[in-house]
Every structure is written in C-alpha cells, then in structure tokens.
Amino acid sequence: MKRWKMMATALAMACLLTGCWQEELPEEPEDVLPLFEEEPAEESKTILPERFALPYMPGRSLDPVDCADGMQQVVASLLYEGLFRLDGTFEPQPCLCISYTHDETASRYTFNLRPGVQFSDGSPLTGRDVKAALDRARTSERYRSRLSGISSISASGDSVTITLNGPNAALPALLDVPIVKSGGQEGAVPAGTGPYFYTEEETGAYLIANQSWWRGESQPLERIALVEAADGSALLYRFSSHEVQLITADLTGVTTVSTTGSVGCIDAETTVLQYVGCNTARTPLDSPALRRALSAGIDRDNVVGAYLSGHGKATAFPVSPVSPLYPVALEESYSVDNFASALARSGYVSQEPLTLLVNEENGFKKAIAQYLAESWTAGGLAVEVRVLPWEEYTAALAAGDFDLYYGETRLSADWDLGSLLEPGGGVNYGHWSNPDSSRLLAELAGAGDRTAAMRALCAHLKDQAPILPVCFKSSSVLTQAGVVEGLAPTAAEPFYSLGQCVIHLAEA
C-alpha cells in the first residue's frame, strides 16, 4: 500500500473530525492535538490485527445528539441512521424515509417512513420516534443552527410532517439527523436502526452486527471491539501501537508530530469553506471591480495542491465543486495576465497596502495568506498580512477593523449562504448588503430548478465578489495499511460504503 506523507493535523476531540460534524464551527478549535508527519523509513511488513477495533470514550455519551465530536461520532454513525443520508456529492439519499411530498411553496413537508424498519431492540420505528428525535435535535448545540428554519413537527402513524418558517426546497439535505428510539433510559446508549448495536461484556465494549438491519447488506464483521481512548494523546497512542485500526482527522491542522509506519489515507469532501472576506463598507473594497480583480489573482489550484497537500477542492463559488449544483461554466482559469487585465479594468491606483488578517494558530492558513498577499503584490496590488491571536482576530472582524481576512466557515448541505451574505448574518463581517443578493438567495431557497437558481446566484456573486471563495477542505480517514479495503467515506459517515467494505484480519 502506498505510503503517505502527511502534514500536520489537529486530531481530535473538540471538532474538525469526521463523524457527524458539529454545527457551529469555530475557526480554530480548542484542545487540539497533532496527529503525525510520517518520516521516511524502510518499508515495513503489513501487520494484520487479530481483531478490528475503534477508539471510543467509555463513560461518555454515545447519543448522537450530544456525544463528543470525533471518534465518538464515528462509533455513533454505525448505530444510528437518519431520514436521509448525504452521499459524496452532498445529495440526500432516502434512508429511513421512503418518500415525501411538500406543498407548492416548499414550506410544509410530509415524510413517509420506510415500512418494516426495526430498532436494534426489535421494536418498530414510528413517526413518534422521529418527531421526538428531531425535536431534541432542534434544541441541541450540534443541530440547532441547521434546524432553525423548522416551525413545528407532528407525527401520525408512520408519517412525519414538518412545517417551516419559510420555503426550503432542499430540506431533505438537512435531515440526515440520526434517529434514536424515544423514551429510552437517560444515560444509556439509545437503540438505533443502524448496522450495529452497542453491548458491554466482561472483556470490554463491542459493536455487534444488527441481524435485523433493514437494508439486508452484509456487515464486514460480526464484532467490532471498542478500545478506550480518553483523550487525543491516548487516541494517537492506540493508533500508533496498532490497538485500533481506524481514526479520522483534519490533515490541515496546527502542528506536527513525527512517526513512522504504513498508513492508508482516504479523504472525504466537506462543506467547510475557506475564503477571503472583503470589507465592502470600506474604500477601496467598496468597488466590485477591484474585488473581482482580487478574485482573479487567486491561484486556487495551487493553494490546495501546494499549501493544503491536496486535502481540499479548489472552488470559485460558495458551493462545493463535487455538488451537481456547481456552475462549472462560470469558472475562469487563473493566469497572471488575467489578474493584470482585471486590475487594469478596475481603475485601481496604487495606495497604501491593503491589510489581510489571518489568525496565528494555524500555520496552513498563515502560509496561504502570505502566498496570496505576495501574489497580489507582485501583480501590482499591494497587500500586507497581519497575523493576530484568535481572540484579537475575531475582535477585529467584529469591529470591521480590516480590509481583507482569511476565513473559514461550515456551510449546511442545502447551501444556505445567508450567514455569509445577508445583513446581520453571523459571519458577514464584510457588511455586505445587496437587494439582488437577498432576492437570489430567497429564490434559491424555494426554487424547483435549483441548478438554474444556483447558477444565477453564482453569476451575481462572481460579478459582485463580496467574498472570494478559495477551497473546500477535506477530512481524512486514516487506517492501518492493508487492513481496510473498499472504504468510500463521506464527511458524516466514514463507513458510508459499508456493504462494499472488506476488513482483513490475521489468520487464527
């Protein structure tokens, strides 16, 4: 198996790991730990384990609504399922929901549950269970923002009705929220409908294959062992010592730790957008032509390839390039000449250098910001980087004390951009306010033809350039070499392709 050269990463426990992403994304999480950078070493023989094991935190919740991010969520993803699941292009695929209808305004939906689905304890899935799970999620830290557009939820038999505060033709993309059996004992691991269920034995904790799983697909193993890893240091040790065979990580994190060994790495696309924000309320960035020139001066492919080691997807728009909604026809290729021409058309006359803010905690972001500033400056638009500690960085953004900033935010899978582009939006630090933007955002929300609506919105954003998208980050699944085959992870489900997954163990 190919040996991987891995740059620094923040492993762990607070956020930025795969599993069900936390909804509110701080740009730099607290309590981060590095993963590793592999050093050159002699090729080592593949070591197959006698059992397959995942790390988890005993004594901590495995309820998917409130359990810890990271590997605890990975374990939970094998226990629970949602009405829908997001595929690798962020398109919702029916799961516990078999069909649905909505009114003309896409403001009221009725979801019909798949017949014959049972929880792991043998009880049937009902509309009441779904309503209870979604109502809990609406008040949780993880899902509150995502489900804020829901006005009410009702259940009748095997159907669930959701009423929204306004139109959302992409509501199913938000409903991969895990469903658990209602009325379970507090503190216990609730019953789910997934391919495995949790059990504790004298020899430890395990995931056991759910023989009544409605999909009928084969599970790669009858038993998956759970090994204690109370914190990031323990997690790294368990993986390095081959006690566990799979972990998830963000490979564009904070610092590095060196180690050796053969490790497999598969990236999963995410909705985490990195972008350059413009202070559109301040001269000279109140000029759309100058903002367009700045956008033309970003070599996005080079940012991803050279500065993120390929762990991302270059993007010219705030929708992932892997999504079928991405307007490929609106893209323009980068070149020094294109930047020079756009800058000349803007009429910009050299002044004091513009300031580009970036927070100091992340070396990758600092390097990208410096690269962008040097590229723009070399082309005739002077930009200087200002590096600030996280608290000072966020304070400067809130106060509008910047020209440009390098930012990061997690978008929802319905591609709602209100937080970035609407007046009063939570991350609209550039004070962008434009009636056409608001109109196009509203049209996208209720559009029957979302492809056309997204294309119109992106054409407008390309012209006005209030933000300059750079890339969507990837998350990564790391496995001990030669152990796992056929893995095709998504951001929320490292084992998305469970039916095609093969796990190799040492012969008894």
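Because the structure is a prediction, the values reported are computed rather than measured. Values reported hereafter were calculated over all heavy atoms of this structure, with side chains retained and with hydrogens, waters and symmetry mates removed.
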Rounded to the nearest 0.5 Å, how far apart are [atom1] of [X] and [atom2] of [Y]?
{"X": "Asp267", "Y": "Ser476", "atom1": "CG", "atom2": "OG", "result": "3.5 Å"}
{"X": "Gln274", "Y": "Asn362", "atom1": "CD", "atom2": "CG", "result": "7.5 Å"}
{"X": "Leu175", "Y": "Ile162", "atom1": "CG", "atom2": "CD1", "result": "5.0 Å"}
{"X": "Tyr109", "Y": "Thr101", "atom1": "OH", "atom2": "OG1", "result": "10.0 Å"}
{"X": "Leu478", "Y": "Ile266", "atom1": "CG", "atom2": "CD1", "result": "9.5 Å"}
{"X": "Asn428", "Y": "Ser437", "atom1": "CG", "atom2": "OG", "result": "9.5 Å"}

> Around atom CD of Glu332, are there more than 12 heavy atoms of other residues, nucleotides or ligands at under 6.0 Å?
Replying inline: no
>> Can you tell me if Lys313 has over 12 outside heavy atoms packed within less than 6.0 Å of its NZ?
In response: no
Just by modelled atom types, is the [Y] backbone N or O under 3.5 Å from a matching donor or acceptor in the [X] side chain?
{"X": "Asp129", "Y": "Thr126", "result": "yes"}
{"X": "Gln72", "Y": "Leu62", "result": "no"}
{"X": "Lys131", "Y": "Ile153", "result": "yes"}
{"X": "Gln245", "Y": "His242", "result": "yes"}
{"X": "Ser151", "Y": "Leu164", "result": "no"}
{"X": "Ser497", "Y": "Gly486", "result": "yes"}

>> Please determine whether side-chain hydrogen bond (donor to acceptor under 3.5 Å, both in side chains) holds for the pair Asp436 and His460, giving the CA-CA distance in whole Å, both sets of side-chain angles, and the decisive distance to 0.1 Å.
In response: CA-CA 8 Å; Asp436 287 333; His460 168 75; 5.0 Å; no
> According to the side chain to side chain donor-acceptor pair (under 3.5 Å) rule, which pairs have a member within residues 314-328, sequence neighbours left out?
Replying inline: Tyr326-Glu331
> So which pairs with a foot in residues 110-119 pass side chain to side chain donor-acceptor pair (under 3.5 Å), sequence neighbours left out?
Replying inline: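 Checked against side chain to side chain donor-acceptor pair (under 3.5 Å) - neighbours excluded - the pairs reaching residues 110-119 are Ser99-Asn112, Thr110-Thr161.
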>> Per the ring-ring contact (aromatic ring centres under 6.0 Å, His included) rule, what does the pair list look like for residues 149-171, sequence neighbours excluded?
In response: none
> Which pairs with one or both residues in residues 470-493 pass ring-ring contact (aromatic ring centres under 6.0 Å, His included), sequence neighbours excluded?
Replying inline: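 Sorted pair list: Trp415-Phe472.
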Exercise: identify the closest heavy-atom pair between [X] and [Y]:
{"X": "Val189", "Y": "Tyr198", "result": "CG2-CD2, 3.6 Å"}
{"X": "Tyr275", "Y": "Glu408", "result": "CE2-N, 3.7 Å"}
{"X": "Asp176", "Y": "Ala492", "result": "OD2-CB, 4.4 Å"}
{"X": "Pro469", "Y": "Ala316", "result": "CG-O, 3.7 Å"}
{"X": "Tyr56", "Y": "Ala205", "result": "OH-CB, 3.3 Å"}
{"X": "Ala413", "Y": "Leu174", "result": "N-CD2, 4.3 Å"}

> Listed by chain and number, what are the salt bridge (charged side-chain N to carboxylate O under 4.0 Å, His left out) partners of Arg238, not counting sequence neighbours?
Replying inline: Glu243
>> Using the salt bridge (charged side-chain N to carboxylate O under 4.0 Å, His left out) criterion, which residues pair with Glu104? Sequence neighbours excluded.
In response: none
>> Checking side chain to side chain contact (heavy atoms under 4.5 Å, CB included) between Phe52 and each of Val244, Leu505, Leu207, which is the one that passes?
In response: Leu505
Quick one, [X] and [Y] - any side-chain contact, counting heavy atoms below 4.5 Å?
{"X": "Glu422", "Y": "Trp432", "answer": "no"}
{"X": "Thr89", "Y": "Pro324", "answer": "yes"}
{"X": "Phe111", "Y": "Leu171", "answer": "yes"}

> Can you name the side chain to side chain donor-acceptor pair (under 3.5 Å) partners of Arg108, sequence neighbours left out?
Replying inline: Thr163
>> Once side chain to side chain donor-acceptor pair (under 3.5 Å) is applied, do any residues pair with Ser159, and if so which ones, sequence neighbours excluded?
In response: none
> Would you call the rings of Phe84 and Tyr100 parallel, tilted or perpendicular, where under 30° means parallel and over 60° means perpendicular?
Replying inline: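 The arrangement is perpendicular - the two ring planes meet at more than 60°.
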Provide the full list of salt bridge (charged side-chain N to carboxylate O under 4.0 Å, His left out) pairs with a residue in [range], sequence neighbours left out, each pair given once.
{"range": "residues 78-91", "value": "Glu81-Arg215, Arg85-Glu493"}
{"range": "residues 92-101", "value": "none"}
{"range": "residues 54-64", "value": "Asp63-Arg136"}

> Any ion pair linking Glu269 and Lys473 (charged N to carboxylate O, less than 4.0 Å)?
Replying inline: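 Looking at Glu269 together with Lys473, the answer is no, because their closest N to O distance does not fall below 4.0 Å.
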> Are Arg128 and Asp158 ion-paired here, with the side-chain N under 4.0 Å from a carboxylate O?
Replying inline: no
> Do Tyr237 and Phe239 have ring centroids that are under 6.0 Å from one another?
Replying inline: no
>> Please determine whether side-chain hydrogen bond (donor to acceptor under 3.5 Å, both in side chains) holds for the pair Ser120 and Asn210, giving the CA-CA distance in whole Å, both sets of side-chain angles, and the decisive distance to 0.1 Å.
In response: CA-CA 6 Å; Ser120 57; Asn210 180 3; 5.4 Å; no
> With no hydrogens and no angle check, do the side chains of Thr193 and Trp214 hold a donor and an acceptor under 3.5 Å apart?
Replying inline: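 Per modelled atom types, Thr193 and Trp214 side chains form no pair under 3.5 Å.
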> How about Glu222 and Gln211: does a side-chain donor come under 3.5 Å of a side-chain acceptor?
Replying inline: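 Side chains of Glu222 and Gln211: pair found under 3.5 Å.
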>> Checking Ala459 now: which residues fulfil side-chain contact (heavy atoms from CB on, under 4.5 Å) with it, not counting sequence neighbours?
In response: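 For Ala459, the residues satisfying side-chain contact (heavy atoms from CB on, under 4.5 Å) (neighbours in sequence not counted) are Leu330.
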